[in-house]
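One structure below.
Scope of the values below: all heavy atoms of this structure, side chains included, with no hydrogens, waters or symmetry mates. For the single chain, residues carry numbers from 1 onward in sequence order.
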Amino acid sequence: MTFSGTHLTDLNAPLLGVNIDHVATVRNARGGVFPDPVRAAMLAVEAGADIITFHLREDRRHIRDEDVVRLKQQVPVPVNFEAAVTDEMLDIIERTRPEHVCLVPERRQEVTTEGGLDVVGQYDRVAVACARLAAVGSRVSLFIGADPAQIEASARAGAPCIELHTGALANAWWAGDQAALQHELTRLREGVRIGRSLGLRTHAGHGLALSSDLPDGRDPGEPSSTAIVASLPDVSELHIGHALIGRAVFVGLRQAIADFKAEAIRARTA
């Protein structure tokens with residue numbers, strides 16, 4: 001598929017949230033201002049991204065505070081501000097007033113977000129955060145595993161949305177472990193079903209990729225992890241970063257976004 005600039009809202013497919021954190025990672029490897037994640041976000045929107053996602057971490061390893069201000073000011077589609085449930089981050093979000101917020105777990109030593117938020121164990125703190133952010137007009141999503149107790153606690157805490165962590169499914173797909181893949185897909189389907197029954201809007205993300213980027217020796221015709229998740233009819237948004245930016249190294253950002261959008265459309269309309 002070549003670039004068309006069509007937004008997924010027009011094609012009955014999950015909305016595509018493009019995470020631009022890794023553009024900032026490349027910038028920060030050398031310092032300075034290039035490549036600019038805000039410029040990447042604007043190009044992503046031109047290419048058809050429905051949402052721009054970014055994660056302001058405690059250690060500012062990629063996105064910086066000044067990036068957040070510029071993203072909110074300049075990006076013409078909703079921004080999805082990922083952050084830990086800390087007083088510092090809640091204060092920044094209240095000042096920024098992003099359209100969307102995704103509350104995530106965060107440990108300083110992790111390379112990427114390794115699991116879902118423990119809403120059950122931090123219920124009071126999460127409920128307060130949901131109320132604070134709703135009061136400034138931000139739609140809150142909780143990034144959780146597809147665990148019934150966590151989904152139910154998310155609904156009780158007042159979050160209108162959940163984002164189901166697809167990392168285990170993606171890892172099984174990369175490894176070619178069909179048994180683990182089917183196990184994780186069953187868990188994900190049940191999580192989506194429970195979310196729907198509780199009136200939650202359900203998103204999904206983490207580690208999703210395309211089959212054409214598989215290592216040599218694997219069948220590029222097998223269903224991609226992106227297609228597997230996008231095919232679930234009640235998943236309303238996909239948030240994809242690392243694999244999309246990695247693909248952009250080879251084909252360019254516009255084409256990478258077009259490829260992921262086409263995959264989601266095919267999966268939903270097949």
What do the steps show when you test Glu263 against Leu210 for side chain to side chain contact (heavy atoms under 4.5 Å, CB included), and what is the final call? CA-CA 8 Å; Glu263 189 83 340; Leu210 300 181; 3.7 Å; yes
Of all heavy-atom pairs linking Ile151 and Gly145, the shortest is CG1-O, 4.4 Å
Grab the two heavy atoms, one from Thr166 and one from Ala204, that are nearest each other, plus how far apart they are. CG2-CB, 3.9 Å
Given side chain to side chain contact (heavy atoms under 4.5 Å, CB included), test Val192 with Leu164 step by step and report yes or no. CA-CA 8 Å; Val192 172; Leu164 296 181; 3.9 Å; yes
Are the side chain of Arg268 and the backbone of Leu232 linked by a donor-acceptor contact shorter than 3.5 Å? yes
Is there side-chain contact between Arg57 and Ile63, with at least one heavy-atom pair below 4.5 Å? no
Compute whether any side-chain donor of one residue and acceptor of the other, for Glu222 and Ser211, lie under 3.5 angstrom apart. no
Between Leu198 and Val235, is there a shared hydrophobic cluster once you connect ILVMFWY residues whose side-chain heavy atoms come closer than 4.5 Å? yes
What class does the angle between the rings of His203 and His239 fall in, given that below 30° is parallel, 30 to 60° is tilted and above 60° is perpendicular? tilted
How long is the gap from CG on Leu188 to NE2 on His183, to the nearest 0.5 Å? 11.5 Å
Under the rule for salt bridge (Lys or Arg N to Asp or Glu O under 4.0 Å), what residues qualify as partners of Glu184, not counting sequence neighbours? Arg187
Side-chain heavy atoms of His100 within contact of Val79, under 4.5 Å: no
Exercise answer: donor-acceptor pairs, residues 173-180 side-chain atoms, under 3.5 Å, sequence neighbours excluded:
residue, atom, partner, partner atom, Å
Trp173, NE1, Pro223, O, 2.8
Asp177, OD1, Ala179, N, 3.3
Asp177, OD1, Ala180, N, 3.1

For a 4.5 angstrom cut-off between non-hydrogen side-chain atoms, does Asp234 reach Thr202? no
Rounded to the nearest 0.5 angstrom, the CG-CE distance for Leu133 and Met89 is 12.5 Å
I'd like to know if the side chain of Glu82 and the backbone of Leu56 have a donor-acceptor N/O pair within less than 3.5 Å. no
Return the minimal non-hydrogen interatomic distance between Ile240 and Leu16, and the atom names on each side. CD1-CD1, 4.2 Å
Please round to the nearest 0.5 Å and tell me the distance separating atom CG of Asp147 and atom CD of Glu152. 8.5 Å
How about Leu238 and Leu15: do any of their side-chain heavy atoms sit closer than 4.5 Å? no
For the backbone of Ala209 and the side chain of Ser225, can you confirm whether one donor and one acceptor N or O come within less than 3.5 Å of each other? yes
Give every donor-acceptor pair under 3.5 Å between a side-chain atom in residues 69-77 and any protein atom, sequence neighbours left out.
residue, atom, partner, partner atom, Å
Arg70, NH1, Asp36, OD1, 3.2
Arg70, NH2, Asp36, OD1, 3.4
Arg70, NH2, Asp36, OD2, 2.7

Before giving the answer on side chain to side chain contact (heavy atoms under 4.5 Å, CB included), spell out for Val128 and Leu90 the whole-Å C-alpha distance, their side-chain angles and the decisive distance to 0.1 Å. CA-CA 10 Å; Val128 168; Leu90 295 179; 5.9 Å; no
Test item: side-chain donor near acceptor, Glu163 and His165, under 3.5 Å: no
Are Leu43 and Ile257 in one and the same hydrophobic cluster, where Ile, Leu, Val, Met, Phe, Trp and Tyr link if side-chain heavy atoms are under 4.5 Å apart? yes
Which value, rounded to the nearest 0.5 Å, describes the distance between Arg196 atom CZ and Leu200 atom CG? 11.5 Å
Looking at side-chain heavy atoms only, is the closest gap between Val104 and Val85 below 4.5 Å? no
Single-linkage hydrophobic cluster Val26~Val23, side-chain heavy atoms < 4.5 angstrom: no
Between Glu46 and Arg254, is there a side-chain N and carboxylate O pair less than 4.0 Å apart? yes
Residues Val120 and Ala149: closest non-hydrogen pair is CG2-O, 3.6 Å
Would Arg27 and Phe34 count as a cation-pi pair here, with the cationic atom under 6.0 angstrom from the ring centre and within 45° of the axis? no
Side chain Tyr123, main chain Asp118, donor-acceptor under 3.5 Å: no
Looking only at heavy atoms, what is the nearest atom pair of Asp87 and Arg125, with distance? N-NH2, 3.7 Å
Side-chain H-bond candidate by donor/acceptor type, Thr53 with Asn80, under 3.5 Å: yes
Donor-acceptor pair, Ser138 side chain versus Pro98 backbone, under 3.5 Å? yes
Is the closest side-chain heavy-atom distance between His55 and Phe81 below 4.5 Å? no
For residues Val140 and Ile92: do they belong to one hydrophobic cluster (side chain heavy atoms under 4.5 Å, members Ile, Leu, Val, Met, Phe, Trp, Tyr)? yes
Out of His62, Arg64, Arg60, which residue meets the side-chain hydrogen bond (donor to acceptor under 3.5 Å, both in side chains) rule with Asn28? Arg64
Would you confirm whether Ser197, through its side chain, and Ile194, through its main-chain N or O, come within 3.5 Å as a donor-acceptor pair? yes
What's the separation between atom CG in Asn19 and atom CD1 in Ile245, rounded to the nearest 0.5 Å? 7.5 Å
How long is the span from the OG1 atom in Thr226 to the NZ atom in Lys261, to the nearest 0.5 Å? 13.0 Å
Trace of the side chain to side chain contact (heavy atoms under 4.5 Å, CB included) decision for Leu244 with Leu253: CA-CA 8 Å; Leu244 191 153; Leu253 186 57; 3.8 Å; yes
Is any side-chain heavy atom of Leu142 less than 4.5 Å from a side-chain heavy atom of Cys130? yes
Side-chain donor-acceptor contact under 3.5 Å, Arg201 with Ser141: no
Taking all atoms of both residues into account, what is the closest heavy-atom pair of Ala230 and Ala267, and its distance? CB-CB, 3.9 Å
Salt bridge or not for Asp91 and Arg132, using N-O below 4.0 Å? yes
Using the rule that two of Ile, Leu, Val, Met, Phe, Trp, Tyr join whenever any of their side-chain heavy atoms come within less than 4.5 Å, decide whether Leu214 and Phe260 are in one cluster. yes
Could you check whether any side-chain N or O of Asp50 sits under 3.5 Å from a backbone N or O of Gly17, counting only pairs where one atom can act as donor and the other as acceptor? no
